[in-house]
4 protein chains.
Amino acid sequence: MSDDASTAEEIMAGVYRALREHGYADLTMQDIADACSKSKSLLHYHYDTKEDLLVAFLDHLITTFERRAAAGADRPATERLAAFIAWFGFDPDETDREHFHIALLELRSQGPFNDRIRSRLQRSDRVFRGTVAEILEQGIEEGTFEPVDVQETAALLVATLDGARTRQITLDEMDVDGDTYTRTVARTVIDRVIDPMLAAGVELPDVETVEVLLPRDEPVSIAPADRMDGREA
Amino acid sequence: MSDDASTAEEIMAGVYRALREHGYADLTMQDIADACSKSKSLLHYHYDTKEDLLVAFLDHLITTFERRAAAGADRPATERLAAFIAWFGFDPDETDREHFHIALLELRSQGPFNDRIRSRLQRSDRVFRGTVAEILEQGIEEGTFEPVDVQETAALLVATLDGARTRQITLDEMDVDGDTYTRTVARTVIDRVIDPMLAAGVELPDVETVEVLLPRDEPVSIAPADRMDGREA
Amino acid sequence: MSDDASTAEEIMAGVYRALREHGYADLTMQDIADACSKSKSLLHYHYDTKEDLLVAFLDHLITTFERRAAAGADRPATERLAAFIAWFGFDPDETDREHFHIALLELRSQGPFNDRIRSRLQRSDRVFRGTVAEILEQGIEEGTFEPVDVQETAALLVATLDGARTRQITLDEMDVDGDTYTRTVARTVIDRVIDPMLAAGVELPDVETVEVLLPRDEPVSIAPADRMDGREA
Amino acid sequence: MSDDASTAEEIMAGVYRALREHGYADLTMQDIADACSKSKSLLHYHYDTKEDLLVAFLDHLITTFERRAAAGADRPATERLAAFIAWFGFDPDETDREHFHIALLELRSQGPFNDRIRSRLQRSDRVFRGTVAEILEQGIEEGTFEPVDVQETAALLVATLDGARTRQITLDEMDVDGDTYTRTVARTVIDRVIDPMLAAGVELPDVETVEVLLPRDEPVSIAPADRMDGREA
DNA sequence: AATGAATGAGTTTTCATTCAT
DNA sequence: CATGAATGAAAACTCATTCAT
């Protein structure tokens with residue numbers, strides 16, 4: 001299995017790299033093949049069509065995120081929230097993080113036109129908002145957060161952080177007062193939205209130093225059944 | 001010139017329609033030609049390359065927005081801000097508004113890979129944030145807004161509204177508690193961010209009923225220089 | 001029109017040549033493009049798919065035959081029948097004739113698998129048998145043929161001549177007693193089937209010397225509407 | 001050997017089935033592999049190339065026919081001739097019979113382009129015509145047939161029956177007066193060609209009820225030498 | 001200004017074949 | 001014997017762009 005999984009993983013890594021180098025619109029099977037040092041034919045051996053491959057990649061991307069989010073579930077709510085915000089904009093391994101968002105942004109532009117991709121984007125939205133909502137609920141139970149409408153707040157936070165991230169990526173290096181777009185917006189949303197929500201005496205850990213979710217390079221094994229379906233019996 | 005302008009306008013309208021029907025990645029010159037009932041050759045007569053055409057279209061899109069924003073500059077700040085928010089998510093002519101955002105979203109995915117497009121996206125960001133910042137300054141001067149960091153607040157509002165809009169478009173009909181994503185987020189941002197910013201006794205006009213920017217169909221003439229110059233630096 | 005028709009004609013001639021050089025199974029669009037000194041793209045400009053092109057070609061082939069058959073309709077029945085038989089196996093321009101049959105044979109192998117091709121083959125069968133049946137009826141009316149079952153006889157003659165022709169083509173130069181397969185069979189079918197059908201004193205003209213249908217190279221104009229449907233308006 | 005033969009037989013059966021389902025032009029090794037529930041690799045283990053496999057299949061097809069024909073050699077000539085005709089068009093197990101002819105028809109279209117296939121088609125022609133010729137000679141010796149040119153008559157009969165069969169297969173369900181093409185033509189050829197050839201008082205057994213050649217399912221062992229030798233001269 | 005015809009470079013996909021196991 | 005993984009070569013088809021008119 002380790003060998004099989006490795007091929008699938010190499011392909012996923014290839015999509016990842018190719019996607020951020022070329023963008024969705026200019027992404028060719030050849031680009032992906034080059035990015036993982038395999039042949040185009042092999043990609044088609046594992047995934048019937050380009051779309052199948054990209055859909056599998058989206059699934060992979062989201063599943064990876066889910067596992068990372070789940071991995072921090074035992075920490076206090078304030079730390080988890082700080083980690084979530086940090087993941088959007090303060091990761092020291094900026095490059096790696098940015099690539100995740102670029103990949104998602106690129107595929108996102110296909111949402112309005114491709115049902116299969118849209119259904120994955122919807123899943124990713126449920127995962128994002130669900131994660132934040134769960135953190136908020138935990139905080140309210142713990143007494144560290146004032147009671148607020150959890151769904152609305154989650155929607156606001158995700159929209160804001162995602163919007164900031166998207167703008168930063170697409171505009172590249174557009175700074176506000178010498179800081180990145182995402183950092184500026186994240187700080188402001190903490191000041192204006194999150195701090196007022198915290199119970200008296202509670203403080204959000206510094207998003208600059210909080211440990212971001214999972215260690216970055218934990219291998220996420222790809223279940224062959226999920227996305228490998230060569231044509232032969 | 002009226003005739004020239006009309007052809008250019010028809011082409012721009014064609015790009016607009018083709019872009020939301022096919023998306024950037026699958027947009028062909030033929031799609032655009034079909035959408036404006038012209039021949040591919042004619043598009044190439046006016047714009048040397050497909051990229052030239054799309055860049056001209058982005059310029060057109062942003063200029064149109066600028067004029068609309070400028071047109072409301074004589075209204076009070078609270079009304080202007082309500083109108084800006086409404087433009088993102090409460091326009092009764094939902095379809096038309098959505099198309100603007102789809103068009104922008106599609107081209108945005110090219111930002112990281114295309115300098116010419118990115119420079120236009122940067123301009124559009126300056127226009128968006130600049131408009132909000134100017135409204136905030138006006139409100140502070142008028143005394144209807146408490147003094148806040150104008151740049152930060154503008155960045156936050158634009159990121160939030162844009163993020164919500166983007167998610168709504170790409171996810172299509174993902175609702176939060178029976179409302180659209182954008183509406184939910186807009187209401188929440190008003191509650192948590194804008195209302196606390198208003199001076200005592202001041203109220204934001206209802207975003208559901210405020211008049212949204214400019215009349216939608218004012219013709220925006222397209223300067224020939226913008227579209228004929230072939231490659232730019 | 002002459003110019004348009006010329007392009008369509010050149011393409012048809014290219015299919016004709018490519019088909020006999022490569023056979024249906026190994027026929028590529030490139031083969032056809034080479035055979036008419038055009039680009040593959042041009043073929044796709046005029047015909048959306050390879051299948052469309054081949055279907056158009058079959059239509060062209062059958063229509064051409066129909067016109068040739070119709071052209072001899074004023075001759076006496078015995079002469080027409082002799083000409084029909086000669087067309088199958090005694091044409092002095094053997095090469096040209098053989099190509100028609102090779103083309104038909106190749107496409108025929110697709111009959112059981114392709115509805116559109118099969119419907120054309122059915123049309124060609126109606127034309128072949130109809131032509132013979134009409135000749136027989138004319139002969140019976142003229143009194144040169146004994147009354148026979150016209151449909152059955154036409155079916156027999158077409159099956160026999162076609163079967164002989166097919167075998168000759170696929171076996172290549174399989175001779176019976178130093179004559180070609182088709183010649184042998186044609187002579188035998190004249191002796192055993194046709195001669196007994198002739199009225200007393202009537203003789204079938206010599207199939208070796210009778211004039212075969214139409215002059216071979218009359219241009220058959222191809223109605224653009226029938227088979228040209230580029231995508232542009 | 002029984003096990004070896006069984007694998008080879010399964011493969012031959014696979015070619016048979018795949019050929020009639022997909023046709024020669026669209027026949028892939030994968031189709032054949034699927035049709036015999038084996039892997040592509042196994043096919044290549046037994047036959048170096050696709051062409052080798054198809055040539056072996058043709059050999060198999062013809063050998064099978066030969067054995068069937070030989071098996072009836074002790075019956076009277078009229079019965080053998082009726083059985084031969086019946087085999088073309090009156091077999092109660094119509095489906096099975098039709099598949100033989102489809103398979104042959106499909107490979108036949110390659111005759112003009114492939115020497116190895118053509119040589120097998122020539123062999124099949126010799127077998128067919130030889131069988132009929134031998135029957136005719138036997139009949140003449142027995143005194144049931146009038147003396148006729150045996151070669152010519154055999155050529156005529158084979159061409160006619162084959163031509164009818166081919167048309168029926170490629171046109172599918174083209175009937176003449178409510179009967180199948182082959183039946184109509186077979187009846188007519190009996191009336192016009194065979195009956196006049198019979199000695200006075202002799203009658204051809206009813207082709208509808210005569211026993212057709214061999215029992216259909218006798219296993220035909222495949223000589224290993226035939227299929228293992230790779231390319232032949 | 002406008003178009004239809006034409007093309008070259010490239011795209012996804014297919015497929016016979018090979019190879020390691 | 002038998003298979004799954006892998007690949008190179010080629011297939012149909014696409015598309016931005018050019019050109020003659």
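Reckoned from all heavy atoms, side chains included, excluding hydrogens, waters and symmetry mates. To find a chain, count down the sequence lines: A is the first, B the second, and so on, and within it residues start at 1.
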Under the 3.5 Å Watson-Crick or G-U criterion, the dot-bracket string of DNA chain E, with | for inter-strand pairs: .||||||||||||||||||||
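At whole-Å resolution of the value, CD1 in C/I11 and C1' in E/dA6 are 11 Å apart. Between A/L54 atom CG and E/dT12 atom C1' there is a gap of 12 Å when expressed in whole angstrom units. Between the P atom of E/dT14 and the OH atom of A/Y47 lies a distance of 17 Å, rounded to the nearest Å. Atom CG in A/D31 sits about 11 Å away from atom C1' in E/dG10, given to the nearest Å. The distance from atom CG of D/D34 to atom P of E/dA16 is 12 Å, rounded to the nearest whole Å. Computed from coordinates, the C/E9 CD to E/dA5 P distance equals 16 Å when rounded to whole Å. If you measure from atom CG of B/D52 to atom P of F/dT18, you get 11 Å, rounded to the nearest angstrom. When the P atom of F/dC15 is taken as reference, atom CG of C/D48 falls 12 Å away, rounded to whole Å.
Along DNA chain F, the nucleotide nearest A/K38 and the nucleotide nearest C/T49 are compared for position; the residue whose nucleotide lies closer to the 5' end is A/K38. Residue-to-nucleotide proximity on DNA chain E shows that, of C/L43 and C/K40, the 5′-proximal contact is made by C/L43. The 5' end of DNA chain F is approached more closely, in terms of each residue's nearest nucleotide, by A/S37 than by the other of A/S37 and B/K50. With DNA chain E read from its 5' end, the first of the two nearest nucleotides for A/S41 and C/S41 is the one closest to C/S41.
For A/T7 and F/dA6, the shortest distance from a side-chain N or O to OP1 or OP2 is below 4.0 Å. Proximity of C/S39 to the phosphate of E/dA9: no side-chain N or O atom is located under 4.0 Å from OP1 or OP2. Close to E/dA6, at under 4.0 Å from its OP1 or OP2, lies a side-chain N or O of C/H46. Listed pair C/Y45 / E/dA6 fails the phosphate criterion, with no side-chain N or O lying under 4.0 Å from OP1 or OP2.
Contact detail for C/G111 and C/L121: the closest heavy-atom pair is CA-CD1, 3.7 Å. Here the closest non-hydrogen pair linking B/A103 and B/L61 is CB-CD2, 4.2 Å. Taking all atoms of both residues into account, the shortest heavy-atom contact from C/S39 to C/A33 is C-CB, 3.9 Å.
In this view, C/T28 and C/D31 satisfy the side chain to side chain donor-acceptor pair (under 3.5 Å) rule, not counting sequence neighbours. With sequence neighbours excluded, the residues that form a side chain to side chain donor-acceptor pair (under 3.5 Å) with A/D34 are A/Q30. Residues passing the side chain to side chain donor-acceptor pair (under 3.5 Å) test with C/S119: none are found, sequence neighbours excluded.
Using modelled atom types, one side-chain atom of A/R17 and one backbone atom of A/A35 make a donor-acceptor pair closer than 3.5 Å.
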Stepwise side-chain contact (heavy atoms from CB on, under 4.5 Å) test for D/L107 and D/L19: CA-CA 9 Å; D/L107 292 168; D/L19 203 46; 4.0 Å; yes
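Under the side chain to side chain donor-acceptor pair (under 3.5 Å) test applied with C/D52, the options C/H44, C/R116, C/H46 reduce to a single match, C/R116.
Heavy-atom distances under 4.0 Å link DNA chain F to C/L27, C/T28 of residues 21-28 of chain C, given in residue order.
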Pair up each side-chain donor or acceptor in residues 20-27 of chain D with any protein partner under 3.5 Å, not counting sequence neighbours, and list the distances.
{"residue": "D/R20", "atom": "NE", "partner": "D/H99", "partner atom": "ND1", "Å": "2.7"}
{"residue": "D/R20", "atom": "NE", "partner": "D/H99", "partner atom": "NE2", "Å": "3.2"}

